[in-house]
Amino acid sequence: MRQSNFLIPTLRDVPADAEIASHQLMVRAGMIRQTASGIYSYLPFGKRVLKKVEEIIRDEMDAAGGQEVLMPAIQPAELWEESGRLGAYGPELIRLKDRHQRDFVLGPTHEEVITSLVRDDIKSYKKLPVNLYQIQTKYRDERRPRFGVLRSREFIMKDAYSFDTTIEGLDASYEQMYQAYTNIFKRCGLDFRAVVADSGAIGGTDTHEFMVLSEIGEDTIAYSDSSDFAANIEIAAVKAGSYARDEDEAPLEKIDTPNMKTIDELSRSLELDSAKIIKAVLFMVDEEPVLVLVRGDHEVNDLKLEKVFPGATVEVATPEQALEHMGVEIGYLGPIGAPTSVKVIADQDVQGVVNGLCGANETDKHFKNVNVGRDFEVEQFVDVRFIKEGDPSPDGQGTIKFAKGIEVGHVFKLGTKYSEALGATFLDENGKAQPMIMGCYGIGVSRTVAAIVEQSHDENGLVWPKEVTPFDIHLVAINSKNADQKELADQLYEQLRQDRFDVLYDDRPERAGVKFKDSDLLGLPIRVGVGKRAAEGIVEVKLRKSGEMFEVEVSNLKAFLEEQFLTLV
Ligand code: ATP
Ligand code: MG
């Protein structure tokens with residue numbers, strides 16, 4: 001491709017609305033342009049990367065037995081009524097009406113459509129298992145579209161759905177997808193982790209998110225420093241301690257703690273380790289007040305608390321509710337002398353607190369030398385806190401560390417939720433109708449492109465991994481007014497393409513400085529500069545990632561480039 005007539009509008013300045021490197025670079029390198037908030041067009045340079053990523057995905061999905069389909073973006077609302085999600089999906093779902101006032105939605109995902117397809121066309125166990133996938137545009141009216149195509153309202157997703165006759169079959173399909181995803185993200189040159197995630201209403205641990213490690217990630221991953229354990233902090237289990245209570249229990253004492261309402265204030269004023277304080281947080285579980293105790297250096301994890309009360313709505317009590325149910329303001333709540341109408345549960349680690357401190361249910365008062373079992377009872381000890389850095393890893397190996405991650409993929413065992421709702425059944429060997437057992441598997445294709453950029457850049461611009469680079473080689477005629485240079489560059493452009501390299505040829509009548517700057521910004525793995533030694537048949541080769549430079553004879557160029565590509569990642 002000759003750069004003189006390639007639509008690649010590079011920008012010198014950082015766009016004002018772009019907060020993160022990938023968004024800035026994708027705009028500056030002329031990959032994307034915003035059409036409306038969270039809605040983007042891909043220009044040729046960006047589209048090429050998208051295509052490369054899609055090809056890797058197709059390759060691995062096909063190898064794993066997937067069959068590509070293409071479903072409509074516009075979906076009848078009735079299907080969403082059948083699955084029960086029309087109301088539940090909320091304002092992210094874009095709804096519309098046709099000219100006959102019939103209701104439709106713009107698909108944010110395709111469980112409903114695929115299940116109805118399979119329901120109509122697969123009737124027998126003989127046709128199962130099957131795994132169908134598509135690469136298609138999705139619509140989600142995100143509350144806060146941001147970071148360019150990382151969180152947009154229209155985006156490209158690869159979504160796959162597996163249909164099996166048995167749980168073991170589903171396990172095998174899931175495992176295959178897990179492996180395919182691992183291959184895909186490796187080939188994209190990404191540093192990522194497969195992380196155990198929250199499976200929402202379905203339960204179990206059979207869902208993984210593929211997270212690209214990055215400071216700008218919205219999710220926090222807890223991982224072990226010495227095993228491959230990794231989980232989203234939202235769900236990471238905390239390993240119970242041994243809770244040796246080897247200190248003598250001292251007599252209970254009520255002390256004055258004027259204006260000491262927070263753990264920080266208490267710990268500072270009383271010179272007390274916050275791990276010795278028992279924090280009491282009042283929650284409303286449906287209409288019932290529940291006092292939840294955790295150590296002062298720990299935080300209640302709402303998601304874990306919700307699992308203690310399946311199906312109930314769990315919310316932190318308002319100051320008014322706290323006053324109504326406990327008779328004292330927030331800051332002095334505690335389990336000792338709490339009204340009997342209030343249920344008390346505690347995080348498992350509270351068992352290890354000896355001679356602790358807790359609210360006395362009286363303004364400006366706390367109890368000192370508090371001991372569970374002696375001074376108060378709890379109904380239940382559970383794991384109800386967030387994991388922390390420094391905690392032992394739940395798998396018993398090593399210590400927990402945190403990292404931020406961008407979710408690029410998600411594999412999920414759905415079970416029979418949609419097949420039952422939409423009536424996707426098959427006849428088994430005995431002629432009996434059974435619901436199909438489903439899995440779903442998504443990859444944010446456009447988000448993956450942004451994640452690659454986020455991980456692969458330096459202060460001068462993009463640095464493309466080999467398999468997703470928009471072109472292999474940036475051929476630059478350093479001074480295109482010089483006849484020797486122009487002639488050799490033109491000749492190499494033909495030659496390199498014949499040698500099956502994908503070449504972007506900067507043939508523009510620009511100054512060398514401008515060309516080199518643009519070349520670094522565009523970040524193709526190898527630059528071939530045709531300059532001063534053109535007449536001698538010598539060119540400059542620069543590796544974008546390492547910055548290494550070589551002078552190479554034209555006669556040896558093909559072999560040299562092939563060798564370099566072998567070692568590049
Ligand atoms: P998130 O927590 O980031 O909102 P999600 O859980 O809603 O993601 P899924 O429904 O699992 O996402 O969708 C599958 C994949 O689609 C995600 O792993 C992600 O890579 C991508 N994706 C989801 N929402 C967006 C978006 N608004 N913009 C770009 N990609 C997205
Ligand atoms: Mg989402």
Side-chain angles (χ1 to χ4, degrees), residues 20 22-23 26 32 34-40 42 46 50 53-54 57 61 73 83 85 88-94 105-114 133-161 174 177-178 180-182 184-185 188 190 192-202 206-214 216-221 232-235 303 404-414 417-418 438-455:
I20 59 162
S22 58
H23 186 190
M26 289 178 78
I32 54 167
Q34 184 178 291
T35 303
S37 164
I39 298 173
Y40 286 84
Y42 291 83
L50 206 51
V53 173
E54 289 177 6
I57 293 174
M61 289 302 296
S83 73
R85 280 210 288 190
Y89 211 89
E92 262 186 34
L93 188 65
I94 299 181
V105 305
L106 287 183
T109 176
H110 278 70
E111 282 83 4
E112 282 78 1
V113 176
I114 194 89
Y133 78 94
Q134 65 172 346
I135 295 178
Q136 190 252 9
T137 304
K138 298 281 187 274
Y139 298 86
R140 293 183 185 180
D141 197 357
E142 296 277 353
R143 191 170 53 86
R144 264 191 84 200
R146 60 186 191 141
F147 294 165
V149 297
L150 211 49
R151 182 171 298 285
S152 49
R153 299 197 293 171
E154 172 175 313
F155 60 96
I156 300 165
M157 196 200 283
K158 186 286 300 178
D159 44 330
Y161 306 88
Y174 184 88
M177 285 296 104
Y178 184 101
Y181 276 37
T182 306
I184 289 165
F185 295 122
C188 288
L190 288 165
F192 67 96
R193 291 251 181 169
V195 169
V196 181
D198 175 38
S199 53
I202 291 162
D206 293 331
T207 166
H208 287 84
E209 289 166 351
F210 285 76
M211 294 277 190
V212 168
L213 302 183
S214 164
I216 61 110
E218 292 176 332
D219 293 87
T220 305
I221 305 161
N232 196 310
I233 56 155
E234 286 186 359
I235 62 128
L303 215 61
K404 294 271 185 199
I406 302 169
E407 181 194 321
V408 286
H410 194 178
V411 292
F412 201 101
K413 290 187 186 172
L414 283 171
K417 180 174 166 174
Y418 293 96
M438 293 173 59
C440 69
Y441 317 92
I443 290 181
V445 184
S446 36
R447 183 181 284 184
T448 299
V449 172
I452 293 170
V453 174
E454 200 55 45
Q455 264 190 356

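In listed order, ligands and their atoms are each counted from 1. Positions are given from 1 along the sequence.
- Under the side chain to side chain contact (heavy atoms under 4.5 Å, CB included) criterion, Ser214 pairs with Ile216, Ile406, Glu454, sequence neighbours left out.
- The existence of a salt bridge linking Lys417 and Glu111 is excluded, since no basic side-chain nitrogen approaches an acidic carboxylate oxygen closer than 4.0 Å.
- Remark: Phe210 pairs with Tyr178, Tyr181, Phe185 by the ring-ring contact (aromatic ring centres under 6.0 Å, His included) rule, at least two apart or across chains.
- Look at Arg146 and Glu218 and you find a salt bridge, because one of the NZ, NE, NH1 or NH2 atoms lies within 4.0 Å of a carboxylate O, short of that distance.
- Summarising the geometry, atom NZ belonging to Lys158 is positioned 8.0 Å from atom CD1 belonging to Ile135; distances are rounded to the nearest 0.5 Å.
- Remark: Gln134 pairs with Val69, Leu70, Met71, His110, Gln136, Lys138, Asp159 by the side chain to side chain contact (heavy atoms under 4.5 Å, CB included) rule, at least two apart or across chains.
- Closer than 4.0 angstrom to ligand 1 by heavy atom are Arg140, Glu142, Val149, Leu150, Arg151, Ser152, Phe155, Met157, Glu407, Val408, Gly409, His410, Gly444, Arg447, sorted by chain and number.
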